[in-house]
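The next block holds one structure in the form of structure tokens; read it before the comments.
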Amino acid sequence: MSGADTAGGLASRGRRDGLAPAMAARYLWGGRNRYARFIAWVSLAGLALGVLVLSVVVSVMNGLGEELRSRILGTVPHALVTPAAPGLAASLRSVEGVSAVYPFFTSAGMVAGRGSVVPVTLFGMEPGDGGLLPRVNDNMTTGTLTGALKQPAAIVLGEPIARHLGLVAGDPVALVVSEPAGGSVHPKIKRFRLAGTFAIGAELDHYLVLTRRDGFTGRERRRLGTDGVRVVLAEPLEADLFADELTGDYPSLSVETWHENYGELFQAVRIEKALMFLLLLLVVAVAGFNIVSGQTVLVSDKRGDIAILRTMGADGRFIVRVFLLQGVTIASAGIAAGILLGALLAENIGYLVGAVESWLGFSMLEGSYFDVLPSLVLAEDLAVIAGLSWLLCVLASWIPARRAARQNPVAGLHA
């Protein structure tokens with residue numbers, strides 16, 4: 001058997017026996033070029049840091065979006081069905097996915113007190129339905145919603161409204177609504193007494209007021225706003241589907257969902273999350289393409305070894321595999337470290353921010369609706385981050401690996 005045949009057989013057996021991974025590990029961690037090893041470690045650390053930051057930011061955006069969704073969708077109607085025909089509530093309770101149904105009145109107006117006026121949205125409820133708004137009931141700063149609705153001529157304001165108007169519990173409050181009359185509208189004043197305030201930690205605090213539905217006559221409810229049936233869904237995000245199915249079965253009904261009033265807000269949150277994801281993914285891409293620098297230096301340092309392997313019968317695919325495995329090893333280690341540390345940091349970001357605030361002596365969340373920075377770690381987000389980062393790093397590793405395979409072995413032996 002000739003020497004070339006022996007070399008070719010050795011290379012073939014090497015591929016089968018895992019020679020390429022062993023050579024990749026030796027070149028990566030056991031090479032004599034300290035600069036190449038330094039770049040490899042820097043690439044790994046940079047990639048881990050980029051993935052960590054991306055994981056934390058996406059998790060915080062998830063937490064902010066979920067908290068905002070919980071506060072708003074826990075207060076506003078998921079669907080408002082009109083007109084409030086007899087027996088409508090009982091019929092809707094039997095619909096799959098409906099958690100609660102109760103009479104509801106809503107109108108727009110202004111609240112006046114002590115010389116100031118604030119535009120508001122009015123929710124009118126039955127006296128016994130206060131418990132159906134747990135988000136408000138659990139965040140009352142004075143009084144209780146269930147107790148307030150049992151009082152005649154009582155009104156509940158968002159705390160910022162009461163503070164702006166200088167009102168405290170027991171003060172008189174004037175509600176001004178527009179009443180159509182002929183071809184124009186006239187102001188109609190309804191007088192209440194402040195029975196409580198709430199602060200759910202959302203924009204609703206600045207314009208939402210609640211009172212008893214029976215504080216308005218049936219004629220007033222029809223003329224001054226929308227009187228119908230409020231529907232609470234087990235899955236609020238399926239409100240539009242519920243509306244389409246209900247109007248398809250009952251064309252005479254009109255259904256207004258939360259999406260019509262707050263859909264743009266949640267769409268803005270989703271767009272913001274997507275933009276932040278793309279921007280931080282570019283940071284990960286920059287860190288990943290640092291692998292190109294380290295691998296290029298290593299390829300230049302190993303020109304002689306590559307030439308010897310080629311003369312021994314190793315083909316281009318074997319050379320590509322050796323150097324590609326080095327880049328993949330760096331990428332996998334960096335991404336795994338970044339994902340694990342990022343998930344751990346995101347899960348405890350509220351405690352960490354609190355510790356930093358204590359050390360700095362001021363609140364980083366001052367002026368926001370949050371006392372603690374929320375975070376929600378989703379496995380699917382981490383999987384997407386890991387997958388995209390890994391693909392970028394494989395592409396970065398392929399470039400110098402392909403360059404190594406294309407080197408002229410004769411030039412390498414004389415280098």
Side-chain angles (χ1 to χ4, degrees), residues 67-78 100 102-177 188-216 221 224-225 230 232 258 261-262 350 354 357 363 365-374:
E67 190 68 20
L68 184 64
R69 184 181 297 109
S70 173
R71 295 183 185 190
I72 292 180
L73 297 187
T75 305
V76 303
H78 299 163
Y102 53 93
F104 191 77
F105 170 67
T106 181
S107 179
M110 296 180 293
V111 168
R114 298 193 178 182
S116 296
V117 176
V118 175
V120 297
T121 296
L122 172 71
F123 285 179
M125 304 176 63
E126 293 297 322
D129 291 341
L132 296 174
L133 283 184
R135 195 77 202 193
V136 176
N137 213 18
D138 295 343
N139 289 277
M140 295 289 292
T141 53
T142 58
T144 64
L145 180 59
T146 52
L149 292 179
K150 293 178 181 179
Q151 303 176 30
I155 194 169
V156 177
L157 306 179
E159 187 179 47
I161 302 175
R163 186 169 58 249
H164 177 76
L165 297 177
L167 300 175
V168 296
D171 284 350
V173 179
L175 175 68
V176 184
V177 291
K188 184 177 183 62
I189 301 177
K190 302 285 290 185
R191 301 193 179 278
F192 300 90
R193 190 164 297 276
L194 182 59
T197 58
F198 62 88
I200 62 176
E203 192 67 23
L204 294 171
D205 293 339
H206 295 268
Y207 64 82
L208 180 63
V209 302
L210 299 105
T211 188
R212 289 171 55 139
R213 178 172 172 269
D214 58 11
F216 299 82
R221 291 197 297 268
L224 301 179
R230 172 172 175 156
V232 180
W258 66 266
N261 295 318
Y262 299 95
E357 289 176 341
S363 174
L365 300 176
E366 187 175 356
S368 71
Y369 295 118
F370 304 99
D371 297 324
V372 178
L373 188 64

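Atoms considered below: every heavy atom in the structure, side chains included; atoms not considered: hydrogens, waters and symmetry mates. The residues of the chain are indexed from 1 along the displayed sequence.
Legend: ring-ring contact (aromatic ring centres under 6.0 Å, His included) pairs involving residues 113-138, not counting sequence neighbours, sorted by first then second residue: Phe104-Phe123. Evaluation of the side chain to side chain donor-acceptor pair (under 3.5 Å) test over residues 116-125, restricted to residues two or more places apart or in two chains, returns none.
The nearest pair of heavy atoms linking Gln151 to Ala195 is OE1-CB, 3.9 Å. When all heavy atoms of Ala153 and Arg191 are compared, the closest pair comes out as CB-O, 4.3 Å. Between Ala199 and Glu159, the closest heavy-atom pair is CB-OE1, 3.8 Å. Nearest heavy-atom pair across His78 and Leu73 is NE2-O, 2.7 Å. Taking both residues in full, the closest heavy atoms of Ala148 and Val156 are given as CB-CG2, 3.5 Å, listed atom of the first, atom of the second, then distance. The heavy-atom pair separating Phe198 from Leu208 by the smallest distance is CZ-O, 3.5 Å.
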Give the C-alpha distance, both sets of side-chain angles, the deciding distance and a yes or no for side chain to side chain contact (heavy atoms under 4.5 Å, CB included) between Val232 and Leu132.
-> CA-CA 9 Å; Val232 180; Leu132 296 174; 5.9 Å; no

Does the pair Ile72 and Trp258 meet the rule for a side chain to side chain contact (heavy atoms under 4.5 Å, CB included), with working shown?
-> CA-CA 9 Å; Ile72 292 180; Trp258 66 266; over 6 Å; no

Under the side chain to side chain contact (heavy atoms under 4.5 Å, CB included) rule, what do Leu167 and Leu157 come out as? Steps first, then yes or no, please.
-> CA-CA 10 Å; Leu167 300 175; Leu157 306 179; 4.0 Å; yes

Give the C-alpha distance, both sets of side-chain angles, the deciding distance and a yes or no for side chain to side chain contact (heavy atoms under 4.5 Å, CB included) between Leu204 and Tyr262.
-> CA-CA 11 Å; Leu204 294 171; Tyr262 299 95; 3.3 Å; yes

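Expressed to the nearest 0.5 Å, how far OG1 of Thr106 lies from CG of Leu122 amounts to 6.5 Å. One distance of note links OG1 of Thr75 with CG of Leu210; it measures 8.5 Å at 0.5 Å rounding.
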Review item, side-chain donor-acceptor pairs of residues 133-143, under 3.5 Å, at least two apart:
unit_1	atom_1	unit_2	atom_2	d
Arg135	NH1	Ser70	OG	2.9
Arg135	NH2	Glu67	OE2	3.3
Asn137	OD1	Leu145	N	3.1
Asn139	ND2	Arg135	O	2.6
Thr141	OG1	Thr197	O	3.2
Thr141	OG1	Thr197	OG1	2.5
Thr142	OG1	Thr197	N	3.0
Thr142	OG1	Thr197	OG1	2.8

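Checked against side-chain hydrogen bond (donor to acceptor under 3.5 Å, both in side chains), Thr146 has no partners two or more places apart in sequence or in another chain. Listed by chain and residue number, Phe105 satisfy the ring-ring contact (aromatic ring centres under 6.0 Å, His included) test with Phe216 (two or more places apart in sequence, or in another chain). Taking Ala108 as the reference, nothing meets the side-chain contact (heavy atoms from CB on, under 4.5 Å) condition, with sequence neighbours excluded. Legend: residues meeting side-chain contact (heavy atoms from CB on, under 4.5 Å) with Lys188, ordered by chain and number and at least two apart, are Val177, Glu179, Lys190, Glu220, Leu224. The salt bridge (Lys or Arg N to Asp or Glu O under 4.0 Å) test applied to Arg213 returns Glu126, Asp227, not counting sequence neighbours. A search for side-chain contact (heavy atoms from CB on, under 4.5 Å) contacts involving Pro160 returns Arg163, Asp205, His206, not counting sequence neighbours. Ala112 meets the side-chain contact (heavy atoms from CB on, under 4.5 Å) test with Val117, Ala174; sequence neighbours excluded. Checked against salt bridge (Lys or Arg N to Asp or Glu O under 4.0 Å), Arg212 has the following partners two or more places apart in sequence or in another chain: Asp214.
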